[in-house]
Amino acid sequence: SYAKPIEYAEKALSLNGLGNNSHYQLMIVTGQMLLAEKRYTEALTYVDRFAKETGVDDLTVNKTRGNALYRLNRNSEAIASLKKAYALDKGADPNLAVMLMDAYGKNNQKAEADKIADEVAKSAPPAIFSSYRSCSRARSIGVGLTAQALKKSVLDPIDLPARSIP
């Protein structure tokens with residue numbers, strides 16, 4: 001639980017007693033801790049304040065903002081940040097692709113979701129498909145992604161455990 005660290009961080013931030021670098025670093029970390037605690041609205045407040053006051057629009061900002069917006073079911077807003085984060089991340093975090101595909105799907109943008117699925121299918125190592133398939137919210141995406149990769153011969157069935165082949 002991040003309850004105590006969040007409490008201390010919020011107190012330190014409200015006192016304005018830190019130097020700029022420490023103050024702003026603590027602000028973005030507080031947003032990330034709030035996200036981990038499923039306090040999405042508060043996390044969004046911190047990350048937006050950080051971005052506004054610093055002018056930073058990097059991977060961490062977009063990933064945190066996009067994740068919070070996605071969790072709040074504000075999918076049309078989430079897409080912009082998740083899309084930037086996905087591009088900056090270059091596929092390192094499979095959760096970004098899952099959230100982006102799902103946000104597109106919930107926003108009736110199936111063609112965009114399919115583009116992300118195709119990108120992942122072309123570049124992802126076989127182990128990634130198990131990751132997509134194991135997330136309950138992304139199970140259907142993972143099954144479709146695995147089937148698509150098998151169909152396009154991007155993935156060899158031998159790379160998957162027998163029970164996971166769609």
| When rounded to the nearest 0.5 angstrom, what is the spacing between CG in Leu100 and OH in Tyr86? | 7.5 Å
| Spatial distance of atom NZ (Lys84) from atom CG (Asp57) [nearest 0.5 Å] | 4.0 Å
| said: Between Glu53 and Met27, is there a side-chain heavy-atom distance shorter than 4.5 Å? | reply: yes
| message | For a 4.5 angstrom cut-off between non-hydrogen side-chain atoms, does Asn75 reach Tyr104? | response | no
| remark: Between the CD1 atom in Ile79 and the CE atom in Met101, the distance rounded to the nearest 0.5 Å is 12.5 Å
| Gap between atom CG of Leu35 and atom OH of Tyr40 - 0.5 Å precision | 6.5 Å
| field | Note: Asp114-Lys110 ion pair, threshold 4.0 Å (strictly below) | value | yes
| remark: Here the pair of heavy atoms bringing Ala103 nearest to Leu82 is CB-CD1, 4.4 Å
| Thr64 side-chain N/O to Thr60 backbone N/O, donor-acceptor pair under 3.5 Å | yes
| Qualifying residue, where the test is side chain to side chain contact (heavy atoms under 4.5 Å, CB included) with Arg39 and the options are Leu44, Thr45, Leu34 | Leu34
| query | Got Asn73 and Lys106 here, is their nearest side-chain heavy-atom distance under 4.5 Å? | reply | yes
| said: Regarding Glu119 and Lys115, does a basic nitrogen lie under 4.0 Å from an acidic carboxylate oxygen? | reply: no
| How far does CG of Leu26 sit from CG of Asn21, to the nearest 0.5 angstrom? | 12.5 Å
